[in-house]
K.L.:
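Mind looking over this structure? Questions follow.
Chain letters run A, B, ... following the sequence lines, proteins first and then strands; every chain starts at 1.
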Amino acid sequence: MPELPEVETTVRGLRPVLEGQRLTAVEPRRPDLRRPIPPDLRRRLTGATVTTLSRRAKYGLIETDRGDTLIFHLGMSGRWRIDPEDIGKHDHLLIDTAAGRRLALADPRRFGSLDLMATAAVGAFPPFVALGPEPLGPHFTAAHLARAFEGRAAPVKPLLLDQRIVAGLGNIYVCEALHMARIDPARPAGTIPRARLAKLVEAVRTVLEAAIAAGGSTLRDYARPDGELGYFSKQFLVYGREGEACACGAPVLRRVDGGRSTFYCARCQPPKRRVA
DNA sequence: CCGACAACCTGACGGC
DNA sequence: TGCCGTCAGGTTGTCG
């Protein structure tokens, strides 16, 4: 599930369980996910009190009163379970709070990560150093995209997945936003006029906000033992809908580039021809 | 600098 | 029922 809206939803779901809580037990259950879990994680977090939860790009940040910040990434299959009834083989980190709540970080594919940074040094966390602006923040603008795309012949779609250009977009929401902005995913990024980039910025914001809102509405389900996430997949206009009808009636197409599926509508997102 | 591609790892699903 | 191939929301490194 995890693109920006899912991480945002996760952080919001964790907040009431963790914020202001002293951590009575913090137990990694294996030494590594995508990379090693810091060996001193248990020692530095046990007994600390959580002060703040936040999100940067697709990372969640859990800050404590001891000056440390736990940074988690959910990879492809990660998710936090609240008060799980049992512990499975994919629960790689357990956290108990003074209020008697328990969190389990499950991640079957283990593409996620856990890191611990001094809060004052979070800006130097390597994955954060080159990160682009937050798509929901004030610095994600048509001017920013114009600068980032200038002279680039590469298709716009993979550039939107580049976290250095904009931080937090993944395959689903890039497909959705390009459809909403009526831009051909294969269009050379540098050829998109400024006005169209403004539409794209707006589309990205609209799609992400709608997804967060839908995620928020399923937050109640979050703590449910079965934990099944219906989420907002029903709202997708093109993603995962190959062969179905687009809202315009034309079929949704799928193409693979760079190993990632691209879903789009050739009628709503027509290729630009050089000559009219 | 750029783009294509593999690798990391497990589970779900469709076809036979 | 079961085996096999294919695919999956991300990131990172290599190769040409």
K.L.:
Choose from C/dG9, B/dC9, B/dC8 the nucleotide whose nearest atom is closest to any side-chain atom of A/R109.
P.N.:
B/dC9
K.L.:
Under 4.0 Å between a side-chain N/O of A/R152 and OP1 or OP2 of B/dC2, yes or no?
P.N.:
yes
K.L.:
State which residue, out of A/E242, A/R255, A/Q269, fulfils the side chain to side chain donor-acceptor pair (under 3.5 Å) condition with A/Y264.
P.N.:
A/R255
K.L.:
How about A/E202: does its CD atom have over 12 heavy atoms from other parts shown lying under 6.0 Å from it?
P.N.:
no
K.L.:
Specify the separation, in whole Å, of atom CZ of A/F72 and atom P of C/dT11.
P.N.:
14 Å
K.L.:
Hey, is the side chain of A/H73 poking within less than 4.0 Å of OP1 or OP2 on C/dG10, counting only N and O atoms?
P.N.:
no
K.L.:
What contact category does A/R110 fall into here, base, sugar-phosphate, or nothing, at under 4.0 angstrom with non-hydrogen atoms?
P.N.:
sugar-phosphate
K.L.:
May I ask you to verify if any side-chain N or O of A/R260 is less than 4.0 angstrom from the OP1 or OP2 atom of C/dG10?
P.N.:
yes
K.L.:
For the pair made of CG in A/D107 and P in B/dT10, what is the distance, rounded to whole Å?
P.N.:
11 Å
K.L.:
Would you mind reading off the distance between A/R79 atom CZ and B/dG11 atom C1', rounded to a whole angstrom?
P.N.:
14 Å
K.L.:
Write down the distance between CE (A/M76) and P (B/dC9), rounded to a whole number of angstrom.
P.N.:
14 Å
K.L.:
Nearest of B/dT10, C/dG10, C/dT11 to any side-chain atom of A/N171?
P.N.:
C/dG10
K.L.:
Does A/Y173 put a side-chain nitrogen or oxygen below 4.0 Å from OP1 or OP2 of C/dG9?
P.N.:
no
K.L.:
Need to verify one output field. Residue with the more 5' nearest nucleotide on DNA chain B, A/H90 or A/R34?
P.N.:
A/R34
K.L.:
Rounded to the nearest angstrom, tell me the gap between atom CG in A/L161 and atom C1' in B/dA4.
P.N.:
15 Å
K.L.:
Under a 4.0 Å N-O cut-off, is there an ion pair linking A/R66 with A/D68?
P.N.:
no
K.L.:
For C/dG9, give the paired nucleotide (Watson-Crick: N1-N3 plus N6-O4 or O6-N4; G-U: N1-O2 and O6-N3; both under 3.5 Å), or none.
P.N.:
none
K.L.:
Report the nucleotide, chosen from B/dG11, B/dC2, C/dA8, that has the shortest atom-to-atom distance to any side-chain atom of A/P108.
P.N.:
B/dG11
K.L.:
Answer with base, sugar-phosphate or nothing: what part of the nucleic acid does A/G259 contact at a heavy-atom distance below 4.0 Å?
P.N.:
nothing
K.L.:
For B/dG3, take OP1 and OP2 only and decide whether either is under 4.0 Å from a side-chain N or O of A/K157.
P.N.:
no
K.L.:
Which nucleotide in the list C/dT11, C/dT12, B/dG3 gets nearest to the side chain of A/K58?
P.N.:
C/dT11
K.L.:
Please determine if A/R55 and A/E134 form a salt bridge, counting it only when a charged side-chain N lies under 4.0 Å from a carboxylate O.
P.N.:
yes
K.L.:
Quick one: on DNA chain B, does A/A154 or A/F111 contact a more 5' nucleotide (nearest heavy atom)?
P.N.:
A/A154
K.L.:
Assign A/S113 to base, sugar-phosphate, or nothing according to its heavy-atom contacts below 4.0 angstrom with the strands shown.
P.N.:
nothing
K.L.:
Can you name the closest pair of heavy atoms from A/R81 and A/D86 and give their distance?
P.N.:
NH2-O, 2.8 Å
K.L.:
Give the rounded distance in Å between these two atoms: CG of A/D32 and P of C/dT11.
P.N.:
18 Å
K.L.:
Given A/F263, which partner from the list A/Y239, A/Y173, A/F236 fulfils the ring-ring contact (aromatic ring centres under 6.0 Å, His included) test?
P.N.:
A/Y239
K.L.:
A/P2 has a side chain; which of B/dG3, C/dG9, C/dT12 sits nearest to it?
P.N.:
C/dG9
K.L.:
Report yes if a side-chain nitrogen or oxygen of A/Q163 is closer than 4.0 Å to either non-bridging phosphate oxygen (OP1 or OP2) of C/dT11; otherwise report no.
P.N.:
yes
K.L.:
Need the pair for C/dG16. Rule: Watson-Crick or G-U wobble, both distances under 3.5 Å, any strand; none if unpaired.
P.N.:
B/dC2
K.L.:
When the distance from CZ of A/R30 to C1' of B/dT10 is rounded to whole Å, what number comes out?
P.N.:
11 Å
K.L.:
Specify the separation, in whole Å, of atom CZ of A/R164 and atom P of C/dG13.
P.N.:
12 Å
